[in-house]
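Everything on this sheet refers to the single structure shown next.
We name chains A, B, ... by the order of the sequence lines, and we start the count at 1 in each one.
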Amino acid sequence: MNITFPDGSVRVYEDGQSALDIAAGISQRLAKSTLICELDGESADAFRPLQGDHALKLLTWEDDGGRWGYRHTASHMLAQAVKRLFPGTVLAIGPAIENGFYYDFDRADPFSPDDFAAIEAEMERISKEDLPLERFEMPREEAIAYMRENNEPYKVELIQDLPEDSVISFYKQGDFVDLCAGPHVKSTGVVKNVKLMSLAGAYWRGSEKNKMLQRIYGTAFEKKADLDEYLFRMEEAKKRDHRRLGRELDLFDIHDEGPGFPFFYPKGMTVRNKLEDFWRQQHEIRDYQEIKTPIILNRDLWLQSGHWDHYKNNMYFTVIDEMDYAVKPMNCPGAILTYTRKNYSYRDLPERLAELGLVHRHELSGALHGLMRVRCFTQDDAHLFITPDQVLDELCGVIEKCKYFYSTFGFKYRVELSTRPENSMGTEEQWEMATDALRKALERSEISFKINEGDGAFYGPKIDFHLEDAIGRSWQCGTIQLDFQMPERFDLAYVGADNEKHRPVMIHTTALGSIERFIAILTEHYAGAFPAWVAPVQVVVMTITDRVNGDAKAIFEKLRAVGMRAELDMRNEKIGFKIREAQVQKIPYMLVIGDKEVEGGVVAVRSRKEGDIGAMSLDAFMEKLQKEVQEKI
RNA sequence: GCUGAUGUAGCUCAGUCGGUAGAGCACCUCAUUGGUAAUGAGGAGGUAGGCAGUUCGAAUCUGCUCAUCAGCUCCA
């Protein structure tokens, strides 16, 4: 048989050789590191004998596919261990995932983290037993009967969902058999360095209508050192958690008295205000007008907007003078009412209305998560009212705006284009037009994106920008939605050059998303060490002896006079103590003032990042800080 | 909302078999005036998330409830 390698070279092998045999023919080391392979572009077992001509790529731990195969085998070993230790446990599914694997089980008695040690030990035993993985296939009906016999109803259900004529594959390792498409590594002895991470509930097939199963998450690495490093990194990442930093740095918190309703303390408020200043400046540059619309508006408005029908389970309501009102979950109706205040000419468009709008949404209690997921938050919202032929340019404009914000902070992000959901308003044609416009705008802006079918808003398709938090969970921040529905519902119009009434198009967009969420991500991104332009305190003036209190106070006042966020530490403490405290608080600069400095007419500057950077005149320091603030570094 | 876990001073945590709570940091007082990540000594501070129950007696056991954490579902 002819085997074509990734570099294009072709070599001839005898039929019946496996990818592992071929690897061994190249080098023992390659054979040892080969986990699975890619056969004619499809991932496949490396241990199975090959027949006929193929394109072959050997996959090792360095390849995504290799890691996937390794961890998928680990998930089977987890299931095997659980079956041995807890007979009667019913299996659901167990895939490899980013950074690990999981397996879902159905068992009357819940697992506890205390069981992990025993399960891990059993998995290690299975690894030591070095059981070869074997693949076998049977016709669908036979497979269903086989799994019925084994009392695996979830597996039966999975097979029943496959096409009538399909051939079903299984993998066997010792006493354990699982329905599986594969591929797997050659034997359980390959998989080492397994760690069970956590236990959680998960609905069968991801639907809350189904039974909740018990999911065990784990991870596995080829090298022990890599596992240790991963575990260490996870621990380090936890130190960056914004909920922890919010308390430690006295920025913000959430009290039991208001689940999902965050408090911003003075220092957190500074970060927030600086961010909002930046937001205002950037919107002014881009020709937006700022508005502020009410938090509570009457029932009729929400009926007209469609929110009442589509969103009422997530809304808060109140009664005023025996009339129903709703607390706004979105700002659009407010912006729309603003638009209706006058007659617009085509010459007035685009009309870009921006609003830092406080919205309230009743999120499920289990969904709340620090500042990332709250029940009241401020959207940096903008609504653009435009003519149909302005759509593409304006979409590109808002994309540019989002990109500008993220690049200012050095965020990496992922972009998704979400299409028409079920239960949405409007015609198929409108949706197609809108979705197409968004796609064109992304392409013109040279942004790569993923399609997210059926995940759009009820009034239109959307582009979402997702940012990652400290431990790799991703959160939607910016969004751009193209909307033909609201203008229709509210009978919005502008007068065209032809003196006729025309329907404007709306773009709903946020760049930061929610100020609260953005601050959470910002806090984790910088691990609390905010750059000087947003830092709650930029500089602390600290004294070594109270002989210099007067001079220190004068320096402090000069800093304050030019608007620098300075603090004065004249406490009766050693300088090391004061420095430590300022470092822990991650304050960008410390000015150490003692007899020497007073004599020399200088300040001794310590940078949070670089330590002692020497003495300089106060003016020189102020210039340095000023520059940092302006350049946002 | 669902599954599991957790809930002790402002914060981080300890507390063996149920016998009415302890540390470090922070806070206050005093001494110390010290040169780039913690000076020393002393003091104050909690009825153990809440409500019921079992018990002679509960932070420790049981039930309910609230909140938090992890994940699922949902979502900016």
Quantified in whole Å, what is the [atom1] atom distance between nucleotide [N] and nucleotide [M]?
N	M	atom1	value
B/U47	B/A9	P	9 Å
B/G46	B/C64	C1'	25 Å
B/G63	B/A5	P	12 Å
B/A76	B/A59	C1'	41 Å
B/C61	B/G24	C1'	31 Å
B/C51	B/C56	P	23 Å
B/C30	B/A44	P	16 Å
B/U36	B/A41	P	23 Å

Within 45 degrees of the axis of the six-membered ring of A/Y316 and under 6.0 Å from its centre: does A/R375 put its NZ or CZ there? no
If you draw the axis of the six-membered ring of A/F101, does the NZ or CZ of A/R71 fall within 45° of it and under 6.0 Å from the ring centre? no
Out of [options], whichever nucleotide has its closest atom nearest the side chain of [X]:
X	options	answer
A/Q379	B/A67, B/C11, B/A76	B/A76
A/F577	B/U73, B/A37, B/A38	B/A38
A/R361	B/G71, B/C74, B/A76	B/A76
A/A202	B/A37, B/U33, B/C72	B/C72
A/Y203	B/G1, B/A76, B/G35	B/G1
A/R517	B/A37, B/C75, B/A70	B/C75
A/L364	B/C74, B/G1, B/G35	B/G1
A/R571	B/U68, B/G71, B/C27	B/C27
A/R580	B/A38, B/U36, B/C74	B/A38
A/M212	B/G71, B/C75, B/U12	B/G71

N/O (side chain, [X]) to phosphate O (OP1/OP2, [N]) under 4.0 Å:
X	N	answer
A/R243	B/C69	yes
A/T510	B/A76	no
A/H369	B/C75	no
A/K574	B/U36	no

Have a look at [X] and say if it touches a base, only the backbone sugar-phosphate, or nothing, with a 4.0 Å heavy-atom cut-off.
X	value
A/M372	base
A/E597	base
A/K462	sugar-phosphate
A/G206	sugar-phosphate
A/Q583	base
A/Y217	sugar-phosphate
A/E573	base
A/K578	nothing
A/R373	base
A/D595	base
A/S365	base
A/G576	sugar-phosphate
A/A604	base
A/V374	base

Nearest whole Å is fine: how far is [N] [atom2] from [X] [atom1]?
X	N	atom1	atom2	value
A/E610	B/U36	CD	C1'	14 Å
A/H466	B/A76	NE2	C1'	10 Å
A/L249	B/A26	CG	C1'	15 Å
A/K596	B/U36	NZ	P	9 Å
A/N314	B/A76	CG	C1'	12 Å
A/I93	B/C72	CD1	C1'	12 Å
A/L522	B/A76	CG	P	21 Å
A/N99	B/A70	CG	P	17 Å

The residue among A/F411, A/F405, A/W475 that forms ring pair (Phe, Tyr, Trp, His ring centres under 6.0 Å) with A/F518 is A/F411
Qualifying residue for ring pair (Phe, Tyr, Trp, His ring centres under 6.0 Å) with A/F111, from A/Y103, A/Y217, A/F105: A/F105
Partner of [N] by Watson-Crick or G-U wobble geometry, both contacts under 3.5 Å, or none?
N	answer
B/A23	B/U12
B/G45	none
B/G53	B/C61
B/C17	none
B/G4	B/C69
B/A38	none

Report yes or no: is the ring centroid of A/F377 under 5.5 Å from the six-membered base ring centroid of B/A76, with the two planes under 30 degrees? yes
Heavy-atom nearest nucleotide on RNA chain B for A/H362 versus A/Y311: which residue maps closer to 5'? A/H362
Polar side-chain atom of [X] near backbone of [Y] as donor-acceptor pair, under 3.5 Å:
X	Y	value
A/R420	A/P461	no
A/K586	A/A527	yes
A/R414	A/H466	no

If you go through the side-chain atoms of A/E581, does one of them form a donor-acceptor pair with the base of B/A26 closer than 3.5 Å? no
A/F317 ring center within less than 6.0 Å of A/W308 ring center: yes
So, for A/H242 and A/L371, which heavy atoms are closest and what is the spacing to 0.1 Å? NE2-N, 2.8 Å
Check the angle between the aromatic planes of A/F465 and A/Y406 and answer parallel, tilted or perpendicular using the 30° and 60° thresholds. tilted
